[in-house]
Engineer: 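The following block contains the structure, expressed as structure tokens.
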Amino acid sequence: MHVNRDSRARRSALRRRALVGPLAVGLALGGTAAAPAFADHKEAAAAAAPQCSAAYQIEQKLSSGTTWRMCWRFESRSGVVLDDISYQPPGESQPIKVLNSAKLAQIDVPYDDGSVEYNDVTDYNFGDGLLNLTPDECPGGTIKTVKVATPFYSDSPNVNGLCATTRSRGHAYHLLSDANKTYQAQGKDLLLYTVNKVGWYEYITEWRFQDDGTMSMNAGATGSLSPDDYDAGDGRGWPIGKGAKAYATSHSHNIFWRLDFGLDGSSKTKVEQYDSKVSAPVGGQQAPTNKTTLTKVTKELAGDAKDMRWWRVVSTAGKNADGHPRSYEIVQGPTAKYPGRSFTQHDVYFTEYNKCEQYASGNPLNCGAGHGTSVDKWVNGQTLTHPIVWVNVGFHHIARDEDQQPMPVHWQGFSIAPRDVTAMNPLTPADLVGQNGHWR
């Protein structure tokens, strides 16, 4: 199953250490480059190349012909942050800008017995817990050196902590044509990840970029169950030792990501919500009917996922070759939504850009008198002209015997999938490129 909890004393020591660290430190490759002059910007540059120095650029052309480009930097709270992300599939002459920035925005951990609640990103300087990776952990890839001014688990500020590699993901498609010819391709991904330790927990933060334009953001919790918390005797834990002893206290993990879209080089994107309603068959119909309705989201929104509901972020600056506006659909992952806090009661938030609003809860930045410190407080009726997307994925961890020792990785996450970014499947084989729309 999922994660662990360290002793209260160890957490307190980590918190004291985190609070004296810098708010943000630069990231250097090999410890030689200066920190990038790249900030969370209001308007994305439309240039083809990522807007950062070469030391902070990642460019990967996958074997299927798709190229991903982006910048990376380091924050002592969120860890590695990705900026200026673009996607160039085969057949596109220029990169297509997708995101201005993407980062982990909070890991909220409340305990079932009400004894404690942790903001692992903001209270403990999550980024400073970056761990060194071994070559075996990054097969076929490159481990980049991250400059961490106050590392918690490294004797050197140069932490070999960011893996950039490629992976196969299985079938990208399979088609048996009318001519009895089989078309199939194996999908390829660019994979970036880090491992950060917070007490007993170790979080694998993974960013996966597929050759079909899909991006997946995942956080995997592993490490060790805390032996100091084998004390749940009130029905809020699970026995993991011999007999009815060593009850591990149950708890939740509410993980937030913050996405700043810059589709086609513009931050002035639009948000749309789609809902489908199924009605019983009438008038001799063979099956129920299903009607899908569009709602334009023009004001800030705290959204709740439902069956047959989805959202997309739409470009106002570019269209595909069919003349359709490019967009990215938010694909929710499995979640156990935690009702105990106002900021965890919704699955997705759309807020108007504010540079001060960086973390979904316990936002430590001084945004002015009366400005809320959590994302739910920022939904106050503003018109959306530069939407920021916040995605919340929850998990309720009730420990099991198999969680020791070490604990298997449990993943939480979501994806954003291209919708009309290209006129056809970007991996379409040459024989089928004429089959766009009515082709018979």
Engineer: Does a salt bridge link E206 with R208, judged by any charged N lying under 4.0 Å from a carboxylate O?
Structural biologist: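 A salt bridge is present here (some side-chain N lies under 4.0 Å from a carboxylate O).
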Engineer: Just say parallel, tilted or perpendicular for the rings of Y349 and H346, cut-offs at 30° and 60°.
Structural biologist: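 Ring orientation, 0 to 90° scale: perpendicular.
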Engineer: More than 12 heavy atoms of other residues, nucleotides or ligands under 6.0 Å from CG of D307: is that the case?
Structural biologist: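 No - once you tally the heavy atoms of other residues, nucleotides and ligands closer than 6.0 Å, there are 12 at most.
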Engineer: May I ask you to check whether H396 and D112 show a side-chain donor-acceptor distance below 3.5 Å?
Structural biologist: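 The answer is yes; a qualifying pair exists.
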Engineer: Between the side chains of Y203 and D120, is a donor N or O closer than 3.5 angstrom to an acceptor N or O?
Structural biologist: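 Yes.
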Engineer: Flag the pair V375 / Q106 as yes when at least one side-chain heavy-atom distance between them is below 4.5 Å, and no otherwise.
Structural biologist: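 With C-beta onward as the side chain, the pair stays apart.
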Engineer: Answer yes or no: is there a side-chain heavy-atom contact under 4.5 Å between F343 and N363?
Structural biologist: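 Contact flag for F343/N363 side chains = no.
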Engineer: Determine whether a donor-acceptor pair (N or O, by modelled atom type, separation under 3.5 Å) exists between the side chain of N119 and the backbone of D123.
Structural biologist: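 Not at all, since once roles are kept as given, no pair shorter than 3.5 Å links the two residues.
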Engineer: Rounded at 0.5 Å granularity, tell me how far OG1 in T269 sits from CD1 in I388.
Structural biologist: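 The distance works out to 8.0 Å.
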Engineer: Should E329 and R312 be marked as a salt bridge (charged side-chain N to carboxylate O under 4.0 Å, His left out) after you check the CA-CA gap, both sets of side-chain angles, and the distance that decides it?
Structural biologist: CA-CA 4 Å; E329 178 180 342; R312 71 168 182 160; over 6 Å; no
Engineer: Under a 3.5 Å distance rule, please check whether E300 uses its side chain to pair with a backbone N or O of N380 as donor and acceptor.
Structural biologist: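 The answer is yes, because a donor-acceptor pair under 3.5 Å joins these two groups.
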Engineer: Nearest 0.5 Å please: distance from the CD1 atom of I416 over to the CG atom of L259.
Structural biologist: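 Going from the CD1 atom of I416 to the CG atom of L259 covers 6.0 Å.
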Engineer: When rounded to the nearest 0.5 angstrom, what distance separates CD1 in I58 from NZ in K144?
Structural biologist: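 I58 CD1 to K144 NZ: 5.5 Å, rounded to 0.5 Å.
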Engineer: Please lay out, stage by stage, how V146 and T194 fare under the test side chain to side chain contact (heavy atoms under 4.5 Å, CB included).
Structural biologist: CA-CA 10 Å; V146 181; T194 61; 6.0 Å; no
Engineer: Should N254 and S252 be marked as a side-chain hydrogen bond (donor to acceptor under 3.5 Å, both in side chains) after you check the CA-CA gap, both sets of side-chain angles, and the distance that decides it?
Structural biologist: CA-CA 6 Å; N254 308 306; S252 292; 5.0 Å; no
Engineer: Run R341 and D108 through salt bridge (charged side-chain N to carboxylate O under 4.0 Å, His left out) and show every step you take.
Structural biologist: CA-CA 10 Å; R341 293 294 185 189; D108 169 69; 5.9 Å; no
Engineer: Taking the side chain as C-beta and beyond, is there a heavy-atom pair between F209 and I85 under 4.5 Å?
Structural biologist: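 When only atoms from C-beta onward are counted, I85 and F209 do touch, with a gap below 4.5 Å.
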Engineer: Counting only N and O atoms by type, is there a donor-acceptor contact under 3.5 Å from the side chain of D189 to the main-chain atoms of L191?
Structural biologist: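 Judged by distance alone, no pair lies under 3.5 Å.
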Engineer: Please verify the inter-ring angle class for H251 with H397; under 30° counts as parallel, over 60° as perpendicular, anything in between as tilted.
Structural biologist: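 H251 vs H397 ring planes: perpendicular.
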Engineer: Where do G262 and N100 come nearest, in terms of heavy atoms and distance?
Structural biologist: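 Reported closest heavy-atom pair: CA-OD1, 3.5 Å.
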Engineer: Ion pair present between R73 and D83, side-chain N to carboxylate O less than 4.0 angstrom?
Structural biologist: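 A salt bridge is present here (some side-chain N lies under 4.0 Å from a carboxylate O).
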Engineer: Answer yes or no: is there an ion pair linking R309 with D347, defined by an N-O contact shorter than 4.0 Å?
Structural biologist: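 Judged by the 4.0 Å cut-off on N to carboxylate O distance, R309 and D347 do not form a salt bridge.
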Engineer: Which atom names give the shortest non-hydrogen contact between Y87 and P426, and what distance separates them?
Structural biologist: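 So the minimum-distance heavy-atom pair works out to OH-CG, 3.3 Å.
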Engineer: Any donor-acceptor pair under 3.5 Å linking the side chain of S415 with the backbone of A417?
Structural biologist: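 Flag not set: sc S415 to bb A417 has no pair under 3.5 Å.
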Engineer: Please check this pair: side chain of D84 against backbone of Q51, looking for a donor-acceptor N/O pair closer than 3.5 Å.
Structural biologist: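 Yes; at least one donor-acceptor contact below 3.5 Å.
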Engineer: Backbone N or O of G372 within a donor-acceptor pair of the W378 side chain at under 3.5 Å?
Structural biologist: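 Answer holds: yes.
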Engineer: Check N290 against S276 and note the closest heavy-atom contact, atom names and distance.
Structural biologist: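 Where N290 meets S276 most closely, the heavy atoms are OD1-CB, 3.2 Å.
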Engineer: Atom CZ of F261 and atom OG of S101: how far apart are they, to the nearest 0.5 Å?
Structural biologist: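 One finds 10.5 Å between CZ of F261 and OG of S101.
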Engineer: Within this structure, what is the CD-CG distance for the pair Q358 and D260, rounded to the nearest 0.5 Å?
Structural biologist: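 Those atoms lie 9.0 Å apart.
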Engineer: Without swapping roles, check the side chain of Q345 against the backbone of P339 for a donor-acceptor pair under 3.5 Å.
Structural biologist: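 Judged by distance alone, yes, a pair lies under 3.5 Å.
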Engineer: Would you call P110 and Y338 a side-chain contact if the rule is heavy atoms closer than 4.5 Å?
Structural biologist: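 Yes. Closest side-chain heavy atoms under 4.5 Å.
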Engineer: Return yes when atom CH2 of W310 has more than 12 non-hydrogen atoms of other residues, nucleotides or ligands closer than 6.0 Å, and no otherwise.
Structural biologist: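 It does: W310 CH2 has more than 12 such atoms within range.
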Engineer: Between T344 and K337, is the side chain to side chain contact (heavy atoms under 4.5 Å, CB included) condition met? List the steps.
Structural biologist: CA-CA 7 Å; T344 61; K337 188 161 52 176; 5.9 Å; no
Engineer: Please find the pair of heavy atoms, one from V121 and one from R77, that lie closest to each other, and give the distance.
Structural biologist: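 In this case the closest contact between V121 and R77 is CG1-O, 3.6 Å.
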Engineer: Side chain to side chain contact (heavy atoms under 4.5 Å, CB included), that's the test. Do D128 and F74 meet it? Break it down for me.
Structural biologist: CA-CA 10 Å; D128 289 342; F74 177 81; 3.9 Å; yes
Engineer: Show the nearest heavy-atom pair for residues Q412 and G394, with the distance to one decimal.
Structural biologist: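 Nearest heavy atoms, Q412 then G394: NE2-C, 3.6 Å.
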Engineer: Minimum heavy-atom separation for N218 and S216, please, with both atom names.
Structural biologist: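 Shortest heavy-atom separation between N218 and S216 comes out as ND2-CB, 3.8 Å.
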Engineer: Donor-acceptor pair, E352 side chain versus T385 backbone, under 3.5 Å?
Structural biologist: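 Yes; judged by distance alone, with no hydrogens or angles, the pair exists.
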Engineer: Side chains of D376 and S374 only: does a donor on one sit below 3.5 Å from an acceptor on the other?
Structural biologist: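 Yes, side-chain donor-acceptor contact under 3.5 Å.
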Engineer: Determine yes or no for a side-chain-to-main-chain donor-acceptor pair under 3.5 angstrom, with E357 supplying the side chain and T351 the backbone.
Structural biologist: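 Here the side-chain-to-backbone pair does not exist.
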Engineer: Are any of the side-chain nitrogens in E59 or R69 under 4.0 Å away from the carboxylate oxygens of its partner?
Structural biologist: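 Yes, charged N to carboxylate O under 4.0 Å.
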Engineer: Looking only at side chains, do K299 and T383 share a donor and an acceptor under 3.5 Å apart?
Structural biologist: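 K299 vs T383: donor-acceptor pair found between side chains.
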Engineer: I want to check something: taking the side chain as every heavy atom from C-beta on, are K103 and Y359 in contact at a cut-off of under 4.5 Å?
Structural biologist: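 Yes, close enough: below the 4.5 Å cut-off.
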Engineer: Between W257 and L104, is there a side-chain heavy-atom distance shorter than 4.5 Å?
Structural biologist: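 The answer is yes; the side chains approach within 4.5 Å.
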Engineer: Go through the steps for T66 and K61 under the test side-chain hydrogen bond (donor to acceptor under 3.5 Å, both in side chains), then give the verdict.
Structural biologist: CA-CA 6 Å; T66 292; K61 185 172 184 177; over 6 Å; no
Engineer: Checking N158 against K147: is there a side-chain donor and acceptor pair closer than 3.5 Å?
Structural biologist: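 Their side chains do contain a donor-acceptor pair, which is all the 3.5 Å distance test asks for.
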Engineer: Under 3.5 Å, is there a donor-acceptor pair between the side chain of K319 and the main chain of A321?
Structural biologist: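 Not at all, since once roles are kept as given, no pair shorter than 3.5 Å links the two residues.
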Engineer: Could you tell me whether the side chains of D431 and Y183 share a donor-acceptor contact shorter than 3.5 Å?
Structural biologist: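 On atom types as modelled, these side chains qualify, holding a pair under 3.5 Å.
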Engineer: Go through the steps for N160 and L133 under the test side chain to side chain contact (heavy atoms under 4.5 Å, CB included), then give the verdict.
Structural biologist: CA-CA 6 Å; N160 297 321; L133 301 175; 5.7 Å; no
Engineer: Are R326 and T422 packed together at the side-chain level, in the sense that at least one heavy-atom pair is separated by less than 4.5 angstrom?
Structural biologist: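 SC-SC contact between R326 and T422 ruled out.
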Engineer: In Å and rounded to the nearest 0.5 Å, what is the CG to OG distance from D264 to S86?
Structural biologist: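 Interatomic distance, D264 CG to S86 OG, rounded to 0.5 Å: 11.0 Å.
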Engineer: Does any non-hydrogen side-chain atom of I255 lie less than 4.5 Å from one of N392?
Structural biologist: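 Not in contact.
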